[in-house]
Amino acid sequence: MEDTRIAILAGSASARLGSAVCTLLDLSPVACDARRFPDGELYVELAQSVRGTDLFLIQATSPPVDQHLIELLMLADACRRAGADRLTGIIPYFGYARQDRRAGRCSLGARVAADVIASAGFDRLVLIDAHTPAIEGFFAVPIEHLTAAPLLAHAVATSLPAPSVVVAPDLGAVKLAREYARLLHMPMAVVHKTRLDGEAVEAKAVMGDVAGRSPLVIDDMLSTGSTIEAAVATLRAAGAIDPVTVAVTHALLVGPATDLLPKLGLARIVASDSVERDGAANLPITTESLAPLVAATIRHLHRDESLSETRYPA
Ligand code: R5P
């Protein structure tokens, strides 16, 4: 593919990230016209040729999830029909990833989303901290699963007092917490959480030594904030001390998050720009850009080089 031209197209959910990636690669993003018909239907049209290119389409399926998902599918279809030679989808945040198992007569949302994405004509997809490593098995196209853990660990490293402890706020975050603990040379602990519904969770116990330590609570995503709220309360009850730092790859900040999180006395929240947002000025949040990771990944994939340094922890 090295002789083929790289082209980068960013959807509306990842416009800023796409533009930062283009700057790093010294490219201009593919121009595209995207608008809605009066009935709400989306219309997309590439405004320049992509024929014969090694095309990277960047689009998170962040809220509004379904709108961004259909935009991803239609952009992919447009790229394919316009003659892109190879099409790689870079999905910085994969919505529906949490619907990865069935309880009762529900739909397996992650599988449904994976199927429609795979059918849109991608040769390969790149995901970043997509909730669980098992998500790869949902897709019928090859997946490169990257992690933002080194980026975020580096961002918090110098501000963590000694002694600190990396905390997984639930069992699902243990693998990611292990990676942070390895990168930061810190011990780790796990909060035992039970989800009651979409907005409410309950946490009762901590496994690991947190007394007298400052927690770095890590997670793949921060959605309504209830997981972090429950974890922080449980950690404080177990003797953890301030400052409390939070590092998450995907800061969705939906529902009550922006009211709830300021009440928790967090010193700092560090998140990636996988989900683009405006506002949240009332939160002590700093954003670390995935652009260097994504740009390096594009360079490696274009040259068919190994991505072993950037993969999700095994
Ligand atoms: C759940 O398993 C995820 O890893 C997150 O812990 C969760 O989705 C965060 O959601 P919320 O902020 O709404 O508790």
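Side-chain atoms are counted along with the backbone in the values below, which use heavy atoms only and exclude waters and symmetry mates. For ligands, and for the atoms within them, numbers begin at 1 and follow the listed sequence.
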Chemist: Just how far is it from atom OG of Ser164 to atom CG of Leu216, taken to the nearest 0.5 Å?
Modeler: 7.5 Å

Chemist: Ring pair (Phe, Tyr, Trp, His ring centres under 6.0 Å): which pairs involve residues 179-234, sequence neighbours left out?
Modeler: none

Chemist: For Leu24, which fellow cluster members are found when Ile, Leu, Val, Met, Phe, Trp and Tyr are connected by side-chain heavy-atom distances below 4.5 angstrom, either directly or through intermediates?
Modeler: none

Chemist: Tell me, which pairs form a ring pair (Phe, Tyr, Trp, His ring centres under 6.0 Å) where one or both residues lie in residues 31-82, sequence neighbours left out?
Modeler: Phe37-Tyr43

Chemist: Is there a side-chain contact between Ile218 and Arg178 in this structure, where contact means two heavy atoms from C-beta onward sitting under 4.5 Å apart?
Modeler: no

Chemist: Got the residues with a heavy atom under 4.0 Å of ligand 1, by chain and number?
Modeler: Arg98, His131, Asp170, Lys193, Arg195, Asp219, Asp220, Met221, Leu222, Ser223, Thr224, Gly225, Ser226, Thr227

Chemist: Would you compute the distance between atom OG of Ser62 and atom CD1 of Ile91 and round it to the nearest 0.5 angstrom?
Modeler: 11.0 Å

